[in-house]
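To keep things clear, I will list the structure first and then write my remarks on it.
We're numbering straight along the sequence, starting at 1.
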Amino acid sequence: MTIQELAEGRIDFKGQKTADDIVRVVLITSTFLSFVIGFAFSSLMITMSTFALCTVALCLVVLPPWPTFNRHPVKWLSVQEHSQK
């Protein structure tokens, strides 16, 4: 994957839905997990650190346009010439 392909960020509609589903599940899970860990240690610092670590890991998984998110590219229609009368 070249730098230009990474900068363009092309993903298809199904890839967007997959990324959205991953974000939703991971954020809900990491919120619950960080709350439980922070409650167990009685530390707000550990709660926020755990959530921040999960969020950074999520960004590394979802933000780059991995080829997995572009398995179903959109097929555009060809250009048709209109005749002038």
Side-chain angles (χ1 to χ4, degrees):
M1 185 175 277
T2 64
I3 294 175
Q4 181 180 3
E5 289 173 345
L6 285 173
E8 285 181 6
R10 291 186 184 177
I11 65 173
D12 56 30
F13 295 115
K14 288 186 181 181
Q16 287 177 354
K17 177 157 180 13
T18 303
D20 185 52
D21 292 342
I22 291 170
V23 167
R24 185 177 299 115
V25 168
V26 170
L27 283 178
I28 291 170
T29 305
S30 65
T31 300
F32 178 74
L33 181 69
S34 61
F35 175 76
V36 169
I37 291 172
F39 187 77
F41 287 104
S42 298
S43 173
L44 188 60
M45 177 79 154
I46 292 175
T47 302
M48 294 301 166
S49 298
T50 305
F51 186 74
L53 183 65
C54 291
T55 303
V56 168
L58 176 65
C59 288
L60 292 175
V61 170
V62 175
L63 286 181
W66 301 110
T68 306
F69 298 136
N70 199 14
R71 288 186 182 167
H72 309 284
V74 176
K75 293 180 177 37
W76 298 98
L77 296 175
S78 60
V79 177
Q80 297 178 353
E81 296 293 326
H82 292 286
S83 60
Q84 299 274 335
K85 288 187 179 184

Hey, could you give me the [atom1]/[atom2] distance between [X] and [Y], rounded to the nearest 0.5 Å?
| X | Y | atom1 | atom2 | answer |
| --- | --- | --- | --- | --- |
| Phe35 | Thr31 | CZ | OG1 | 11.0 Å |
| Ile37 | Phe51 | CD1 | CZ | 13.0 Å |
| Met45 | Thr50 | CE | OG1 | 10.5 Å |

| Do side-chain atoms of Asp12 reach the backbone of Arg71 as a donor and acceptor pair under 3.5 angstrom? |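 It does hold such a pair.
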| field | same_hphob_cluster(Leu33, Val62) at 4.5 Å side-chain heavy-atom cutoff | value |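 No: no chain of side-chain contacts under 4.5 Å links Leu33 to Val62.
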| Shared ILVMFWY cluster between Val61 and Leu27, side chains joined below 4.5 angstrom? |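 Yes, because Val61 and Leu27 connect within a single hydrophobic cluster, where side-chain heavy atoms sit under 4.5 Å apart.
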| task | May I ask you to test the Ile11-Trp66 pair for a side-chain heavy-atom distance under 4.5 Å? | result |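 A side-chain contact is absent here, since even the closest heavy-atom pair is not under 4.5 Å.
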| said: Listing request: all salt bridge (Lys or Arg N to Asp or Glu O under 4.0 Å) pairs with a residue in residues 41-56, at least two apart in sequence or in separate chains. | reply: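 Listed once each, the pairs would be none.
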| Nearest non-hydrogen partners of Cys59 and Pro64, listed with the distance |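 Heavy-atom minimum between the residues: O-CD, 3.6 Å.
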| task | State which residues pass salt bridge (Lys or Arg N to Asp or Glu O under 4.0 Å) with Lys17; sequence neighbours excluded, sorted by chain then number. | result |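 For Lys17, the residues satisfying salt bridge (Lys or Arg N to Asp or Glu O under 4.0 Å) (neighbours in sequence not counted) are Asp21.
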